[in-house]
Amino acid sequence: MDLLILGIVVLIYFLLVGYVGYVAWRRTETSEDYMVAGRRTHPYIMAMSYGATFISTAAIVGFGGMAGVFGMGILWLVFLNILVGIFIAFVFFGKRTRKMGHNMSALTFPEFLGRRFNSRFLQYFGGTIIFLGMPLYASVVLIGAARFIETTLGLDFSIALILMAVIVAFYVVLGGIRGVMYTDALQGTIMFLGMIFLVVSTYYILGGVVDAHQALTNISHLIPAKARAIGATGWTSMPVYGSPYWWTLLSTIILGVGVGVLAQPQLIVRFMTVKSNRELNRGVLIGALFIFAMTWSAYVVGALSNVYFFRKMGMIAVQAAGGNADKIIPFFIKSAMPEWFSYIFMLTLLSAAMSTLSAQFHVQGTAIGRDVYETVRRRKGDRSVLITRGGIIIAVLIAVVLGYLLPGSIVAQGTALFFGICAASFLSVYVAAIFWKRATRQGAIAGMVSGAIVSLFWLLFEYKKTAEALGIAKALFGGPVIASMPWPVVDPILVGVPVSAIFMVAVSLLTEPPSDEHIQKCFNGV
C-alpha cells in the first residue's frame with residue numbers, strides 16, 4: 001500500500017513537471033526565449049525560481065548536515081542569505097543588471113560582462129570558468145538528492161544519481177530557461193511547504209522550542225574530542241575565536257556562500273528575465289520569505305537532530321549517520337518522521353535538486369554555446385541553441401561522473417567552494433561593471449584572471465581540505481599545504497576577492513577610460 005501511495009504521488013509530481021516543461025517548450029521560439037525567457041517573466045515565477053535555484057539539496061542535505069556538525073552558529077548564513085542574497089542582490093544589483101542587460105542585449109552573464117567592457121576575451125574566459133567549474137556544484141546537488149533517495153527508498157545510489165540527471169536534462173534541453181523557471185516555481189512551492197512541516201514536526205517531537213534548544217545546549221559535552229581540540233565548544237555556541245573550527249565555519253560555510261551568491265551566473269541571469277524594476281521590487285518579499293523558511297528550517301533541524309539521536313541511540317547525529325554529514329538529514333527524516341512524510345519530503349528534495357540542477361545545466365550550456373562557441377567563432381544565430389543543448393548534455397555527463405568520484409560529506413563543501421571560485425573570478429568585475437563607469441576593459445580582464453588564478457592556486461596548494469585531497473602540494477613541496485596556520489583553513493574567497501579587486505582598480509586607473517558613447521549606451525536609464 002505504501003509503495004502504491006508513493007507511486008501515485010511521484011507520478012502526479014512528474015506529470016505536473018512534464019506539463020510545465022511542455023508549456024515552456026511551446027513558448028520557446030527564439031534564442032532570447034531560450035536564454036532569458038523573452039524578458040517578460042512574472043515576479044512570482046522569477047522570485048521563486050531565484051530562490052529555488054539558490055536553495056538546493058546542497059542547502060537542505062549538505063548545509064543541514066553541516067548544522068548537525070557545527071551547530072546553530074551556521075544560522076549566521078541565514079542572515080547573509082537574506083541580506084546579501086535577496087535584499088542587496090535584488091535592490092542594488094538586480095535593477096542595474098536588468099536595465100544594463102537590456103541596453104546591451106546581453107543574454108548571459110559572461111556576455112553581460114563582455115559587452116559592458118567591450119571584450120570578447122571576458123565573455124569566453126568567463127564562459128569557460130563556468131563550464132569547467134560548475135560541474136562540481138552540479139555533482140554535489142545530484143549527490144544530495146541521490147543520498148536521500150538511497151536512504152528513504154533503498155534504491156541503489158548509482159541508479160538514483162543517473163535517474164535524477166536524465167529527468168532534469170530532458171526538460172532543460174527542450175524548454176531552455178522557460179522550462180527551468182516554470183518548473184522552479186512549482187518545485188519551490190513544494191519545497192516551502194515541505195520544510196515548514198519538517199521544522200514544526202521536529203520541535204513537536206523534541207518537546208517544543210525552549211526544551212529542544214535547552215536539550216541541545218545540555219549535550220555540548222558530547223562534542224568529539226578531535227573537534228573540541230580545534231575550537232568546537234557546543235551546538236548552541238560559536239567556536240573559539242580564531243581557531244581552525246571557527247575559520248572553517250566562518251570563511252568557508254558562512255562567507256563562501258553568504259557573499260559568493262552575488263556572483264552566481266545562474267542567479268544573475270534571472271534579473272535579465274523581467275521587464276521592469278517593479279517585478280524585482282515585488283520579488284524581494286517573496287524571495288526573502290522563501291529563503292528564510294528554507295535555510296532556517298534546514299539548519300535548525302540539522303542541529304537539533306543531535307538531540308533526537310542522543311535520546312534514541314545514545315550518539316550524536318554525525319555518528320548516527322556513519323560519519324557522513326550528508327546522511328544526517330536523510331537519516332533523521334527516515335528515523336523521526338512518519339513514513340508517509342518521508343515520501344512527501346522526497347518530493348521536496350527532488351524539487352530542490354531539480355530546480356538547482358536545471359539552472360546549472362542551462363548556464364553551463366549557454367556558457368559553451370553562447371559565450372565560448374559564438375564568441376570564438378564570431379557566429380550568431382540559432383546554431384548557438386543547438387550547441388547550447390549539446391553543452392547541457394555534456395554538463396550532465398560530467399556531473400554524473402563526479403557524483404561517483406567525490407568523497408562523503410562533500411555536499412556543503414563543494415557548494416561553498418564553487419561559490420567562492422565564482423566570487424573570486426567575477427564579483428569585483430561585476431560590481432565595477434554596474435557601479436563604476438571609470439572601470440576599463442584591461443582592468444576587468446586583470447581582475448577576472450587574477451581572481452581565478454589566485455583562487456585556483458589556493459585550492460591546489462593552500463586550502464587544506466582540497467590541497468590534501470588532491471596531493472599536488474605534497475608531491476611538489478613535501479607537505480599537504482605550503483604555508484602554516486591559520487592559512488590552511490582560510491577559504492579562497494577571502495584571498496581571491498581582495499586580489500581581484502586590487503588588480504581591477506589598479507589597472508583601470510592606469511589605463512585609458514572607456515568612451516563616453518559606450519558608457520552612455522550601457523548606463524542609459526540606470
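Any value given below was found using the heavy atoms of this structure, including those in side chains, with hydrogens, waters and symmetry copies removed. For this chain, numbers begin at 1 and follow the sequence in order.
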Exercise. Between Ala424 and Ser455, what is the shortest heavy-atom contact and its length?
Worked result: CB-CB, 3.7 Å
For this session: Give a yes or no on whether the ring-centroid distance for Phe90 and Phe87 is below 6.0 angstrom.
Result: no
Exercise. Under 3.5 Å, side chain of Ser305 to main-chain N/O of Gly302, donor-acceptor pair present?
Worked result: yes
Exercise. Would you say the side chain of Asn81 lies within less than 4.5 Å of the side chain of Ile86, judging by non-hydrogen atoms?
Worked result: no
Problem set entry | From CG (Asp516) to NZ (Lys437), nearest 0.5 Å | 9.5 Å
Exercise. Looking at Ala298 and Met195, what are the two nearest heavy atoms and their distance?
Worked result: N-CE, 3.5 Å
For this session: Please tell me if the side chains of Ile129 and Met134 come closer than 4.5 Å, counting only heavy atoms from C-beta onward.
Result: no
Exercise. Ignoring hydrogens and geometry, is there a side-chain-to-backbone donor-acceptor pair from Arg96 to Ile434 under 3.5 Å?
Worked result: yes
Identify every side-chain donor-acceptor pair in residues 517-526 under 3.5 Å, counting partners at least two apart or on other chains, and give the distances.
unit_1: His518; atom_1: NE2; unit_2: Arg115; atom_2: O; d: 3.4
unit_1: His518; atom_1: NE2; unit_2: Arg116; atom_2: O; d: 2.7

Exercise. Run the side chain to side chain contact (heavy atoms under 4.5 Å, CB included) check on Val69 and Tyr245 step by step: do they pass?
Worked result: CA-CA 11 Å; Val69 175; Tyr245 214 70; 3.6 Å; yes
For this session: Give, for atom CG of Leu113 and atom CG of Asn118, the distance between the pair rounded to the nearest 0.5 Å.
Result: 13.0 Å
Seminar exercise, completed: Shortest non-hydrogen pair, Ala263 vs Ala423, comes out as CB-CA, 3.9 Å
For this session: Would you indicate whether the side-chain heavy atoms of Trp246 and Val240 approach each other to under 4.5 Å?
Result: no
Exercise. Does the gap between the ring centers of Tyr203 and His213 come in under 6.0 Å?
Worked result: yes
For this session: Side-chain contact test, heavy atoms from C-beta onward, threshold under 4.5 Å: evaluate it for Met191 versus Phe290 and give yes or no.
Result: yes
Exercise. Between atom CD1 of Ile88 and atom CG of Leu80, what is the distance when rounded to the nearest 0.5 Å?
Worked result: 9.0 Å
Exercise. Does a donor on one side chain and an acceptor on the other come within less than 3.5 Å for Thr511 and Thr440?
Worked result: yes
For this session: Would you confirm whether the ring centroid of Tyr430 sits within less than 6.0 angstrom of the ring centroid of Phe109?
Result: yes
Exercise. Tell me, do Ile130 and Phe426 make a side-chain contact under 4.5 Å, heavy atoms counted?
Worked result: yes
Exercise. Would you say the ring centroid of Phe117 lies under 6.0 angstrom from that of Phe112?
Worked result: no
For this session: Looking only at non-hydrogen atoms, find the nearest pair between Ser450 and Ser500 and report the distance.
Result: OG-CA, 3.6 Å
Exercise. Is there side-chain contact between Trp436 and Val505, with at least one heavy-atom pair below 4.5 Å?
Worked result: yes
Exercise. Between Ile398 and Pro135, what is the shortest heavy-atom contact and its length?
Worked result: CG2-CB, 3.5 Å
Exercise. Taking it one step at a time, do Gln264 and Ile268 satisfy side chain to side chain contact (heavy atoms under 4.5 Å, CB included)?
Worked result: CA-CA 6 Å; Gln264 290 298 294; Ile268 293 170; 5.6 Å; no
Problem set entry | Point-to-point distance, once rounded to the nearest 0.5 Å, from CD1 of Ile60 to CE of Met294 | 3.5 Å
Exercise. With a 4.5 Å heavy-atom cut-off, do Trp235 and Phe70 have their side chains touching?
Worked result: no
Seminar exercise, completed: Scanning both residues in full, the closest heavy-atom pair of Leu216 with Ala303 reads CD1-O, 3.4 Å
Exercise. Distance from Ile143 atom CD1 to Leu402 atom CG, nearest 0.5 Å?
Worked result: 8.0 Å
For this session: In sequence, state the C-alpha distance, the side-chain angles, and the governing distance for Thr202 and Val300, and then conclude on side chain to side chain contact (heavy atoms under 4.5 Å, CB included).
Result: CA-CA 9 Å; Thr202 300; Val300 165; over 6 Å; no
For this session: Describe, in one word, how the ring planes of Trp76 and Phe79 are oriented to each other, choosing from parallel (under 30°), tilted (30 to 60°) and perpendicular (over 60°).
Result: perpendicular
Seminar exercise, completed: Rounded to the nearest 0.5 Å, the CG atom of Leu304 sits from the OH atom of Tyr299 at a distance of 15.0 Å
Exercise. Considering only heavy atoms from C-beta outward, does the side chain of Ile421 approach that of Pro492 to under 4.5 Å?
Worked result: no
